[in-house]
Amino acid sequence: MSDHVLVINAGSSSLKYSLIDGASGAAVASGLVERIGEPEGRHVHRGPSGETSATLEIASHEEAMRAVIDAFAEYGPSFDDVEIVAIGHRVVHGGSRFADPVLIDDELVAAVTELVPLAPLHNPANLEGIRVARRLFPDHPQVAVFDTAFHQTLPPEAYTYAVPLEWRDDHGIRRYGFHGTSYAFVSGEAARLLGRDLTDLNLIVLHLGNGCSAAALRGGVSVDTSMGMTPLEGLVMGTRSGDVDPAILAYLTHELGWTPDKIDHALNHESGLKGIAGDNDFRELTERRSTGDPHAQLAFDIYCRRIRKYIGAYYAVLGTVDAIVFTAGVGQHSAEVRAASLAGLDRLGIQLDPERNNSATPGLVSTDGSAVAVLVVPTNEEWQIAREALTLLR
Ligand code: ADP
């Protein structure tokens, strides 16, 4: 029997989980508990006998985790049949301290707690998931895998903002980058598809999901990335603005009397595609655009133009590029985004093959003659977390 890892991604009002076969990457079960703390919570569990769904009040993350354990017992697979060798936790912010996965103990919990000011939305929820899992699975080794860890290789000129240096040294204000588990997984897959050693490849990877970011990887190592101190900077996202002029914050404060919390909320939850077109779901947006909706068109144009600017920037950072890799919901499924972002870049050696690009199959979507390969690679962050946890334990 191969080793399995229970991968947990705890959000402020949700708990996502996957039981991953570490050898094949298959999710033998997965599920989501959402609206924790609200009167009508929901639990969806997918196991060997299909999907079950229940609506019930779930007061806390501890209750949510108990519901997950019950669902495994009732709908399978039973923990007697599948040996869980570790629990892997996604932790959003590891600050400057964590460049690798870490075995969770009291000291690690204290260190992640210290990082809460850098990720006030994410780290407290991740910590709650860790606390509950340690209580309910006291005999299982638990591993924290950080979204930021992959980018600890950024050189100082990439991670330092051009602000007074004390901001960085005394307050940790610097670029950290996120989506690290996705970049680690996708870059490995890209090398495999190209039949090359990752250490010989320069890649630009675009992770386009609800959150979106770009990364420049030299020899598989992150040398630049678009998200910054928080996951707000960079590309246009579902509800996040990405790059804006920081002076807008002072303007809104002075002119409209907005509080920092209100501005932060607007930039994180009411901006991006939603702010421009009223819709953060890319499928809806694509549908509306196809009927000639001007707001959907504008949102699409702004979104793709930003991607294009980052591709240009990272091309210049890397000097030579072997492949551009698209991943996550939009990156994998939207041929239109790939086409619009890369149109007319033949002089940079980038030539999309329309037929390959429009086919729904992942893999190579550039022409055989394109000097820069363009790849569509589905990400699998859960498998990456499971692999990293297993590697650490071995
Ligand atoms: P998350 O960042 O939450 O993991 P995903 O990677 O699943 O998100 O990406 C979600 C986004 O992908 C949504 O905006 C969704 O509409 C979009 N998406 C999913 N499938 C398609 C599709 N077939 N065409 C266009 N967009 C899609």
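Positions are given from 1 along the sequence. Indexing begins at 1, ligand by ligand and atom by atom, following the structure's order.
- Here's the thing with Phe282: one of its N/O atoms is less than 3.5 angstrom from an N/O atom of ligand 1.
- What sits closest to atom 22 (C) of ligand 1 on the protein, heavy atoms only, is His333 CB, 3.2 Å.
- For ligand 1, the atoms sitting less than 4.0 Å from at least one non-hydrogen atom of Ala328 are 6 (O), numbered in the order shown with element in parentheses.
- Through direct or relayed side-chain contacts under 4.5 Å between Ile, Leu, Val, Met, Phe, Trp and Tyr, Leu165 connects to no other residue.
- In terms of protein heavy-atom proximity, atom 5 (P) of ligand 1 is nearest to Gly329 N, 3.7 Å.
- Aromatic ring centres of His333 and Phe282 lie farther apart than the 6.0 Å criterion allows.
- The proximity of Asn280 to ligand 1, defined as any non-hydrogen pair under 4.0 Å, is limited to the backbone.
- Salt bridge annotation for Lys274-Asp279: absent, with no cationic side-chain nitrogen under 4.0 angstrom from a carboxylate oxygen.
- Closest protein heavy atom to atom 27 (C) of ligand 1: Arg283 CG, 3.7 Å.
- In terms of polar-atom proximity, Asn210 is counted as a contact of ligand 1, with an N or O under 3.5 Å from an N or O of the ligand.
- Scanning all protein heavy atoms for the shortest distance to atom 11 (C) of ligand 1 gives Val330 CG2, 3.9 Å.
- Between Asp281 and ligand 1, an N or O atom pair is found at a separation short of 3.5 Å.
- The shortest N or O to N or O distance between Glu381 and ligand 1 is not below 3.5 Å.
- Without hydrogens or angle criteria, Thr160 side chain to Glu157 main chain gives no donor-acceptor distance under 3.5 Å.
- With respect to the salt-bridge test (charged N to carboxylate O, under 4.0 angstrom), the residues Arg192 and Glu189 qualify.
- Between Phe72 and Phe79, the ring planes are tilted. Angles from 30° to 60° get that label.
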Expected list for residues 110-123: side-chain donor-acceptor pairs under 3.5 angstrom, two or more places apart:
from   : atom 1 : to     : atom 2 : distance (Å)
Thr113 : OG1    : Val109 : O      : 2.6
Asn123 : OD1    : His93  : N      : 3.0
Asn123 : ND2    : His93  : O      : 3.0

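- Between the side chain of Ser226 and the backbone N or O of Ala214, at least one donor-acceptor pair lies under 3.5 Å.
- For atom 20 (N) of ligand 1, the nearest protein heavy atom lies under 4.0 Å away.
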